[in-house]
Amino acid sequence: MGAASGMESAIVDSSNLIDSLNAAQREAVTAPCGRTLVLAGAGSGKTRVLTHRAAWLLQAEEASAYSILAVTFTNKAAAEMRGRIAGLVGIAAGGMWIGTFHGLAHRLLRLHWREAGLPQHFQILDAEDQRRLIRRTLRNLEIDESRWPPRQIQGFINARKDEGRRPEALEPHDAYSEQMRQLYRAYEEACRAGGGLVDFAELLLRCYELLRHQPALLEHYRRRFRHILVDEFQDTNRIQYEWLRLLAGSESDVFIVGDDDQSIYGWRGAQVENMQRLQRDEPSTRVLRLEQNYRSTRTILAAANALIARNSRRLGKHLWTEGAAGEPIAVYAAFSEQDEARFVVERIRSLIESEGYARSDCAILYRSNAQSRAFEETLFGREIPYRVYGGLRFFERAEIKDALAYLRLLVNRNDDASFERVINTPPRGIGVKTLDALRSQARQRQTSLWQAAGELLRAGALSGRAARATTAFIELIDRLSGPLAEPALAARIEVVLAQCGLHEHYAKDRSERGLDRLENLDELISAARTFEQAREPTDDEADSLTAFLAHAALEAGEVQAGEQDDGVQLMTLHSAKGLEFPVVFLVGLEEGLFPHRMALDEPGRLEEERRLCYVGITRARQRLLLSFAERRRLHGQDHYGTASRFLLELPTELVQEVRARFSVTRPQTKVHAVEPMVTADTAAFSLGQRVRHATFGEGIVLSCEGSGPNTRVQVNFAHSGSKWLVAAYANLKPCP
DNA sequence: TTTAGTTGAATAAAG
DNA sequence: TTCAACTAAA
């Protein structure tokens, strides 16, 4: 309340705020409150618009920071947004809720755990925890894991939750779907019995249901969050979409930024259709476009535009730049993946040596992780530092998860998953037999393993050695959470690590791996210290341990950073989204690899592959180099591939084939030109072009078919949706 | 309980 | 080919 007043002085003059924006950005930032959907092309200043919008609301609209909710997908994006808004308006951003969908849902559930039907100290399951729990559930039901793979069940459950469906809402149509439904039910029951375990999908669904079923609460938050900002809207799944609509009600100002052409997460539930759905569900939505690109050369943009124009069902957008044409796009047809790596690395070397590029200016982007290998070996061989993104993150490491399982057990004895994880880690003589006895007792009495252990001990049902070890374990946990337990988080964790034997266990291991793990455990203690210091005391009622455990699940930490600050960057296309590099090598452009074979049969999935390629191309600022290998070793077997269709879809005039300097014995492949997409008759309309119709208003050309007087054009109108029109009668006028 | 050997799967991955 | 998960032997 009083917080904002003292900080107002830090706010810069509002005229400065929009001075640095172009006309389209300014129009978006200053759009009147209501429903706004900004179609923000790659490199068009999307984050700028979002952060300036927030600043604008605070200044020109005199909105209170308290009334703003901003949602992103990643912690990184949330942190960046927070930082940039703070930079624009001073620290007045303090009262805003800025976070990921999951982080915000979690916050609401923590505040209203009772209404949400959760225990106060409910724990979050990450993907691995969830799979383990499913596996345990299967064993309890004596279901064959090879016939019902846990991964598949996990996928099923999460997909249903992403759609907002509980087991009761399913309509099984065969034995398989009926069994899946049963397993979904059993899993839900296991989560409940485990003392309120909440997986990632559950956070969202549970929060949605909370708001849905508590009208007073919903009303409260609707009144509070007058302004909602959404980033990367094309990545929302069904439940996120419904959650946003519910929270927004009909009154809130909703400002959404997204790009349907960069939707690459359909496989994890994202629904690009939400972009169209929004316009249907909220007809008052004002659609604005950011099409001026500040990142890439004209050549690179032309290639990107041409490629993405082949997709249907686009909202339509045409990126342009005031910048120079730049270098042509190089294509290298490699003989093998080693040859490909050699070419790329040699190029990087010469860019660094003769053109003054830094190593970190160069990125190698590939479709699948396995492809990094050849590049790593070559870079390593030439002693060029590099950094590979992806892989295990800090809180996902086994030793860290072991430690966290001990901590969870302190908070909740009935957390069977954690119990099983640590009962014999480090080894303390409790083997399968003892564990089996505990499990069957627990199943019989419908209790947790912890309770079952107590019962069996009291009944004297365990053999001497097992009984001693189990008693010691139970006493250990009780002692660690007892009245003498250290109150300060970091110190407490230190005590736990020392007492439970994990520290000693890894200290015995003198190998590099053991040293690594020991280091990580120490790192955990300092992570806790940092966390405790950064935590706002008023955050919520949760104690610091519970809060830290949630933090560990929600923010699994940075992907392991290579030691090199200035190294060549290697990553998948997916993880490159949102980044940019002066030089991009897009490698492995082969049919079956990219587009991936798994995506070949379905047109929708193929289009997602094409968008992925579009994302890759638009990462490049100055130079783009493409390559493919004619022979590639996959899973120990040689494959002879052909150039990716995406290569052939690029306008030939933008592309220059690089020839090997020495003649390598290899079959010559040509990058053939592909037939033009639009025939001469229909060329008047290019895909993605904006046109005006006398009655339907403005729209975007989605596709053309037929020729001459029969030409039919599909146009997606901003207000009337998509329609097929006969070009000869429609009298469509191109829009400037 | 630990280990060596076997089997099977292998697209992308935030929270 | 590689890696994780599992099984059988010590």
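Every chain is numbered from 1, with letters handed out A, B, ... down the list of sequences. None of the values given here were measured: they were computed from a predicted structure.
- Residue A:Asn75 is classed as a sugar-phosphate contact, given heavy-atom separations below 4.0 Å to backbone atoms only.
- When rounded to the nearest whole Å, the span between CD of A:Glu128 and P of B:dG15 equals 17 Å.
- Taking atom CD1 of A:Ile264 as the reference point, atom P of B:dA14 lies 11 Å away to the nearest angstrom.
- We find that CD of A:Gln240 is positioned 10 Å from C1' of B:dA14, with the value rounded to whole Å.
- A distance of about 22 Å separates the C1' atoms of C:dA5 and B:dA12, rounded to the whole Å.
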Just the atom pairs and distances: protein N or O near nucleotides 5-9 of chain C's N or O, under 3.5 Å.
none

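- Look at CG on A:Asn237: it is 15 Å from P on B:dG15, rounded to the nearest Å.
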Please report, to 0.1 Å, the donor-acceptor pairs under 3.5 Å made by any side chain of residues 399-407 of chain A, with sequence neighbours excluded.
{"unit_1": "A:Glu399", "atom_1": "OE1", "unit_2": "A:Arg517", "atom_2": "NE", "d": "3.2"}
{"unit_1": "A:Glu399", "atom_1": "OE2", "unit_2": "A:Asn520", "atom_2": "ND2", "d": "2.7"}
{"unit_1": "A:Lys401", "atom_1": "NZ", "unit_2": "A:Asp126", "atom_2": "OD1", "d": "2.9"}
{"unit_1": "A:Lys401", "atom_1": "NZ", "unit_2": "A:Asp126", "atom_2": "OD2", "d": "2.6"}
{"unit_1": "A:Lys401", "atom_1": "NZ", "unit_2": "A:Asp129", "atom_2": "OD1", "d": "2.6"}
{"unit_1": "A:Lys401", "atom_1": "NZ", "unit_2": "A:Asp129", "atom_2": "OD2", "d": "3.4"}
{"unit_1": "A:Asp402", "atom_1": "OD1", "unit_2": "A:Arg421", "atom_2": "NE", "d": "2.8"}
{"unit_1": "A:Asp402", "atom_1": "OD1", "unit_2": "A:Arg421", "atom_2": "NH2", "d": "3.3"}
{"unit_1": "A:Asp402", "atom_1": "OD2", "unit_2": "A:Tyr506", "atom_2": "OH", "d": "3.4"}
{"unit_1": "A:Tyr406", "atom_1": "OH", "unit_2": "A:Val422", "atom_2": "O", "d": "3.3"}
{"unit_1": "A:Tyr406", "atom_1": "OH", "unit_2": "A:Thr425", "atom_2": "O", "d": "2.5"}
{"unit_1": "A:Tyr406", "atom_1": "OH", "unit_2": "A:Arg428", "atom_2": "NH1", "d": "3.4"}
{"unit_1": "A:Tyr406", "atom_1": "OH", "unit_2": "A:Arg428", "atom_2": "NH2", "d": "2.9"}

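- By the salt bridge (Lys or Arg N to Asp or Glu O under 4.0 Å) test, A:Glu590 pairs with A:Arg632, sequence neighbours left out.
- Looking at which nucleotide of DNA chain B each of A:Arg428 and A:Thr74 is closest to, the 5′-most match is held by A:Arg428.
- The interatomic distance linking A:Tyr265 (OH) with B:dA14 (C1') rounds to 7 Å, in whole Å.
- For the pair A:Leu104 CG and B:dG15 P, the computed distance is 13 Å after rounding to whole Å.
- With a cut-off of 3.5 Å on both pairing distances, the Watson-Crick and G-U wobble pairs of DNA chain B assemble into stems of 3 or more at B:1-10 with C:1-10.
- Side-chain contact, A:Glu340 with A:Gln338: no donor N or O sits under 3.5 Å from an acceptor N or O.
- With 3.5 Å as the limit, one finds no donor-acceptor pair spanning the side chains of A:Arg238 and A:Gln271.
- Distance from the side chain of A:Pro427 is smallest to B:dT2 among B:dG15, B:dT2, B:dT11.
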Show each protein N/O and nucleotides 4-10 of chain B N/O combination with a separation under 3.5 Å, one pair to a line.
{"unit_1": "B:dA10", "atom_1": "N3", "unit_2": "A:His635", "atom_2": "ND1", "d": "3.3"}

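- Side-chain polar atoms of A:Thr642 and A:Glu591 form no donor-acceptor pair below 3.5 angstrom.
- The only member of A:Arg82, A:Lys76, A:Lys46 that meets salt bridge (Lys or Arg N to Asp or Glu O under 4.0 Å) when paired with A:Asp231 is A:Lys46.
- Neither side chain, A:Tyr614 nor A:Asp259, offers a donor N or O lying under 3.5 Å from an acceptor on the other.
- Going from the C1' atom of B:dA14 to that of C:dC3 covers 23 Å, rounded to whole Å.
- Applying the ring pair (Phe, Tyr, Trp, His ring centres under 6.0 Å) rule to A:His503 yields no partners; only residues at least two apart in sequence or on another chain are considered.
- Residues A:Asn274 and A:Gln240 have side chains that never bring a donor and an acceptor to within less than 3.5 angstrom of each other.
- Distances were taken from every side-chain heavy atom of A:His574 (C-beta onward) to each of B:dA13, B:dG15, B:dT11; the shortest belongs to B:dA13.
- Among B:dA12, B:dG15, C:dT2, the nucleotide with an atom closest to any side-chain atom of A:Trp267 is B:dA12.
- The separation of B:dT11 from C:dC6, taken at their C1' atoms, amounts to 25 Å, rounded to a whole angstrom.
- Comparing C:dT1, B:dA14, B:dT11 by their nearest atom to the side chain of A:Arg393 picks out B:dA14.
- Between A:Ser575 and B:dA12 there is no side-chain polar atom (N or O) within less than 4.0 angstrom of OP1 or OP2.
- For the pair A:Arg610 CZ and B:dT11 P, the computed distance is 21 Å after rounding to whole Å.
- Both the sub-6.0 Å distance and the 45° axial angle are satisfied by A:Arg387 relative to the ring of A:Tyr389.
- Residues A:Phe628 and A:Phe646 place their aromatic rings such that the two centres sit no closer than 6.0 Å.
- Using a 4.0 Å heavy-atom distance criterion, A:Phe73 is classed as a sugar-phosphate-only contact.
- A donor and an acceptor atom never sit less than 3.5 Å apart when one is taken from the side chain of A:Arg268 and the other from the base of B:dA13.
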- Can you list the steps and then say if A:Trp97 with A:Phe225 is a ring-ring contact (aromatic ring centres under 6.0 Å, His included)? CA-CA 9 Å; A:Trp97 275 34; A:Phe225 297 123; 5.2 Å; yes

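- Residue-level contact check: A:Arg597 touches neither bases nor backbone, having no heavy atom under 4.0 Å from any strand.
- Residues A:His574 and A:Trp267 place their aromatic rings such that the two centres sit under 6.0 Å apart.
- Atom CG in A:Asn369 sits roughly 12 Å away from atom P in C:dC3 (whole-Å rounding).
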